[in-house]
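Let me begin by presenting the structure, written as structure tokens, before commenting on it.
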Amino acid sequence: MTPREVAALLAYVVRLDPRMSLDDPAAAAERLAQWSDLLSDVPATAQGWDAARIARDYIARNPYRIQPSDVSRPWHTHKADQLGRHVGTFEPTAHPHLDPDDVEGYRRALAAERLAVATGQQAPATHRAITAGPAAAEVERRLAELGTYMPRTVKEALADYRPRRAEREQLATAGRIDPLNVRCPHEHCRAPKGEPCRNRHRQARTKPHPSRLDAATAAEHTRQEISA
């Protein structure tokens, strides 16, 4: 939010909770500067997001004076949810200006698309599972690469004990990009193909590095171009 947007939010907060009113102009200016700094990466409105509504809901449910973190925390939760729902599948027809052989261009477009989803400028792209047709054959190919050595009913029963494998199979079934299909290019990770990304302490991450998803998407695009 810009300082002007934060000032408008504070005015709304004061109207809902008069305890937040400050008579001292210096104190009010200092609070505005503090809130503007802490909410600089939080939008006033975005896809499915309204900072004023978040503030109103907080004041309606809590007896304590609202703090900047009571707005920023819900935003980061909302942002993570949007990114989690975004399948990351690249649609070439949405970028007709890109050369099919421009891998770096596709990576930049993917990063821009993910940033737009993260900042609420674009709704997450979701797709239903593929169940028939040529695309279904592609799903079976990807599952075969993972190794379908047991009945699906057994795999479903074991999903809780094999979360990473289950997640990769879900990605394949839904026709979504599997980041673990490629080696992680992150300079502090370099996890090999099929292995989870790791943090600076070499512990397995629950989510792959964004650059790995970009690399996997570019690799899949190249594979489709070659097989076309």
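We count residues from 1, following the sequence as given. Below, all heavy atoms of this structure are taken into account, side chains as well, without hydrogens, waters or symmetry copies.
- For the pair Y64 and Y58, the tightest heavy-atom approach, listed with the atom from each and the gap, is O-CE2, 3.4 Å.
- Interatomic distance, Q47 CD to K79 NZ, rounded to the nearest 0.5 Å: 15.5 Å.
- In this structure, L213 CG and N181 CG are separated by 11.0 Å, a value rounded to the nearest 0.5 Å.
- Note on M1 and W75: same hydrophobic cluster, where clusters join Ile, Leu, Val, Met, Phe, Trp and Tyr whose side-chain heavy atoms are under 4.5 Å apart, directly or indirectly.
- Taking the side-chain hydrogen bond (donor to acceptor under 3.5 Å, both in side chains) definition, one finds that Q203 meets it with N199, sequence neighbours left out.
- Distance CZ/R205 to SG/C189: 7.5 Å, rounded to 0.5 Å.
- The local environment of CZ in R31 is crowded, with over 12 non-hydrogen atoms from other residues, nucleotides or ligands closer than 6.0 Å.
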Under 3.5 Å donor-acceptor pairs involving side-chain atoms of residues 35-43, not counting sequence neighbours:
unit_1: S36; atom_1: OG; unit_2: L32; atom_2: O; d: 2.7
unit_1: S40; atom_1: OG; unit_2: D37; atom_2: O; d: 3.1

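- Among pairs with a residue in residues 8-19, those fulfilling side-chain hydrogen bond (donor to acceptor under 3.5 Å, both in side chains) read D17-R19, at least two apart in sequence or across chains.
- When the side chains of ILVMFWY residues are joined at heavy-atom separations under 4.5 Å, either directly or via intervening members, L22 and V6 end up in two distinct hydrophobic clusters.
- Sorted by first and then second residue, the pairs that involve residues 195-215 and meet ring-ring contact (aromatic ring centres under 6.0 Å, His included), not counting sequence neighbours, are H186-H209.
- In this structure, the separation between NE2 on H188 and SG on C197 is 13.5 Å, given to the nearest 0.5 Å.
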task: For L180 and E195, run side-chain contact (heavy atoms from CB on, under 4.5 Å): C-alpha distance rounded to whole Å, both residues' side-chain angles, the deciding distance at 0.1 Å, then the answer.
output: CA-CA 6 Å; L180 271 61; E195 294 294 325; over 6 Å; no

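- Using a distance-only test at 3.5 Å, with no hydrogens or angles considered, a donor-acceptor pair links the side chain of E5 to the main chain of T2.
- Screening residues 64-73 for salt bridge (charged side-chain N to carboxylate O under 4.0 Å, His left out), with sequence neighbours left out, gives D70-R73.
- Taking the side-chain hydrogen bond (donor to acceptor under 3.5 Å, both in side chains) definition, one finds that D50 meets it with nothing, sequence neighbours left out.
- R212 contributes a side-chain N or O that, together with a main-chain N or O of V182, makes up a donor-acceptor pair within less than 3.5 Å.
- Taking a 6.0 Å sphere around CZ of R202, one finds it holds more than 12 heavy atoms contributed by other residues, nucleotides or ligands.
- A pairwise comparison of heavy atoms in A52 and L9 identifies CA-CD1, 3.8 Å as the closest pair.
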